[in-house]
2 protein chains.
Amino acid sequence: MISGKFAITIHILTLLNKFPNDYLSSEFIAGSMNVNPVLVRKEIANLKAHHIVESKEGKNGGTKLAVNSSELTLKEIFEMTFETIGLGFAKNQPNPDCPVGKKINQNLEALYSEMNEKVSAQLQNISLEDFSNQF
Amino acid sequence: MISGKFAITIHILTLLNKFPNDYLSSEFIAGSMNVNPVLVRKEIANLKAHHIVESKEGKNGGTKLAVNSSELTLKEIFEMTFETIGLGFAKNQPNPDCPVGKKINQNLEALYSEMNEKVSAQLQNISLEDFSNQF
DNA sequence: CATACTGTAATAAAATATGTTACAAATTTA
DNA sequence: TAAATTTGTAACATATTTTATTACAGTATG
């Protein structure tokens with residue numbers, strides 16, 4: 001299972017980019033993706049914490065982009081919503097008396113770290129504007 | 001949340017590679033990773049279906065590698081346990097009347113597809129033997 | 001024939017993700 | 001200034017997925 005944070009966040013940002021002059025309400029945004037408005041507001045809270053969007057409370061309030069979409073890369077969005085990708089770790093404490101158990105997580109970590117570098121390199125080349133222009 | 005299938009499978013294979021002449025029991029393997037033996041047997045069933053291991057029922061039975069560990073790549077293991085990586089999709093049917101909602105999953109799919117190519121390229125360069133030699 | 005395994009199904013428990021309700025606080029507009 | 005609308009957030013409920021457990025038939029070994 002993968003949390004939908006990245007997908008929700010990029011959807012929000014794409015919409016905001018399509019209406020750069022409007023404050024969009026969480027209800028409007030939620031209507032485009034068919035999720036609960038509270039979920040949208042939670043991701044917006046995260047975006048606000050990273051100064052990517054600004055929002056206005058009260059009537060006719062909502063959220064708009066606070067950065068230039070050509071300067072925001074998918075890598076940054078990835079880092080705000082996923083810490084890292086990977087293929088999972090040994091969940092329970094593996095047996096420390098077994099040479100494999102003792103080092104498995106460390107070796108997986110090294111493997112995934114390299115994966116993240118590749119993925120980050122890819123995502124860094126795509127701006128929100130690029131992504132948004134596909135629609 | 002990420003299913004631990006890859007981590008469990010590579011752990012199993014590393015152990016099998018360390019004891020190439022023995023049939024290891026699911027209980028022994030489970031002991032190294034501290035999970036339930038039934039989980040191990042399920043992943044072994046998957047490996048058997050791909051002809052990566054062979055197993056022997058009955059007393060003193062167990063599982064051993066059926067391929068040369070220098071010829072099995074992590075890419076193959078990845079493909080047996082994860083179909084693909086990605087950062088999630090819009091889960092509910094997005095609004096088809098919204099230009100963004102209509103195409104979001106398609107565009108995410110394209111993005112993730114490229115991610116998978118990068119990751120596969122990396123994993124293809126690492127054999128089970130390489131991975132195993134780190135322990 | 002007793003023992004120790006695999007194979008597999010069925011079910012239970014735990015973890016995580018998503019949805020819902022509720023409401024205080026803020027801001028607009030009439 | 002009062003009504004309406006929207007954010008922000010907490011608390012809780014539901015759904016989904018993952019992991020664990022139990023059970024037992026079938027199979028090989030000695």
Side-chain angles (χ1 to χ4, degrees), chain A residues 1-9 11-12 15-16 19 22-31 33-66 81-83 86-94, chain B residues 1-9 11-12 15-16 19 22-50 52-66 81-83 86-94:
Chain A
M1 203 205 289
I2 274 186
S3 144
K5 285 161 76 72
F6 177 83
I8 290 178
T9 298
H11 197 146
I12 293 169
L15 283 171
L16 295 180
F19 298 93
D22 299 326
Y23 282 90
L24 303 186
S25 75
S26 62
E27 190 130 9
F28 174 81
I29 295 170
M33 49 179 64
N34 191 22
V35 297
N36 195 288
V38 177
L39 265 187
V40 172
R41 299 208 282 266
K42 277 178 188 165
E43 295 315 316
I44 283 174
N46 186 32
L47 287 166
K48 281 183 68 176
H50 289 87
H51 309 99
I52 305 299
V53 303
E54 57 187 64
S55 54
K56 208 171 59 170
E57 294 187 19
K59 186 168 180 181
N60 296 336
T63 302
K64 74 196 245 326
L65 269 185
T81 55
F82 260 78
E83 311 70 45
L87 307 176
F89 290 96
K91 192 178 163 112
N92 303 336
Q93 190 56 243
Chain B
M1 200 204 294
I2 274 185
S3 143
K5 285 163 74 74
F6 177 82
I8 290 178
T9 298
H11 197 145
I12 293 168
L15 282 171
L16 295 179
F19 298 93
D22 298 327
Y23 283 89
L24 304 186
S25 75
S26 62
E27 189 130 10
F28 174 82
I29 295 170
S32 167
M33 49 179 64
N34 191 21
V35 297
N36 195 287
V38 175
L39 262 188
V40 172
R41 299 209 281 266
K42 277 180 187 162
E43 295 315 317
I44 284 173
N46 186 32
L47 288 167
K48 281 183 67 176
H50 289 87
I52 305 298
V53 303
E54 58 187 65
S55 55
K56 207 169 62 171
E57 294 187 17
K59 187 169 178 180
N60 297 333
T63 302
K64 74 198 242 330
L65 269 186
T81 56
F82 261 77
E83 311 69 45
L87 307 176
F89 290 96
K91 195 182 160 105
N92 304 335
Q93 190 57 242

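First the proteins, then the strands, lettered A, B, ... as listed; each starts at 1. Just the heavy atoms: all of them, side chains too, but no hydrogens, waters or symmetry mates, feed the values below.
Looking only at side-chain heavy atoms (C-beta outward), A:Tyr23 and A:Glu54 come within less than 4.5 Å of each other. Here the side chains of A:Ile12 and A:Met33 are in contact, with some heavy-atom distance below 4.5 Å. Counting only heavy atoms from C-beta outward, the side chains of A:Ile29 and A:Leu16 approach each other to under 4.5 Å. The closest side-chain heavy-atom distance from A:Lys42 to A:Asn46 is not below 4.5 Å.
What separates CG of B:Asn34 from C1' of D:dT18 is a distance of 16 Å, to the nearest Å. In this structure, the CE atom of B:Met33 is 11 Å from the P atom of D:dA20, given to the nearest Å. A straight line from CD of B:Glu43 to C1' of D:dT19 spans 11 Å, rounded to a whole angstrom. Rounded to an integer number of Å, the gap from B:Gln93 CD to C:dG19 P is 14 Å.
One end of the helix from C:dC1-D:dG30 to C:dA30-D:dT1 points its axis 10° away from the other end's axis, with each axis taken from 5 pairs and the angle rounded to 10°.
Along DNA chain C, the nucleotide closest to A:Lys59 and the one closest to B:Gly61 are compared, and the more 5′ of them pairs with B:Gly61. Each of B:Leu24 and B:Asn92 was matched to the nucleotide of DNA chain C holding its nearest heavy atom; the match closer to the 5' end belongs to B:Leu24. Heavy-atom distances to DNA chain D give each of A:Asn60 and B:Asn60 a nearest nucleotide, and the one nearer the 5′ end belongs to A:Asn60.
Of all the heavy atoms in B:Ala7 and A:Gly88, the pair that sits closest is CB-O, 3.5 Å.
At least one side-chain nitrogen or oxygen of B:Ser55 sits closer than 4.0 Å to the OP1 or OP2 atom of C:dG7. Between B:Ser26 and the phosphate of C:dT6, there is a side-chain N or O to OP1/OP2 separation shorter than 4.0 Å. In terms of phosphate contacts, A:Lys91 brings no side-chain nitrogen or oxygen within less than 4.0 Å of OP1 or OP2 of D:dA20.
When heavy atoms are screened at a 4.0 angstrom cut-off, A:Asn36 is found touching base atoms of the nucleic acid. Using a 4.0 Å heavy-atom distance criterion, A:Thr63 is classed as making no nucleic acid contact.
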What N/O pairs connect the protein and nucleotides 9-13 of chain D at under 3.5 Å? Give each pair on its own line.
residue	atom	partner	partner atom	Å
D:dT9	O4	A:Arg41	NH2	3.4

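The closest donor-acceptor contact from the side chain of B:Asn92 to the backbone of A:Asn34 lies under 3.5 Å.
Other residues, nucleotides and ligands place no more than 12 heavy atoms under 6.0 Å from the CD atom of B:Glu27.
Taken from CG in B:Leu24 to CG in B:Leu15, the straight-line distance is 7.0 Å, to the nearest 0.5 Å.
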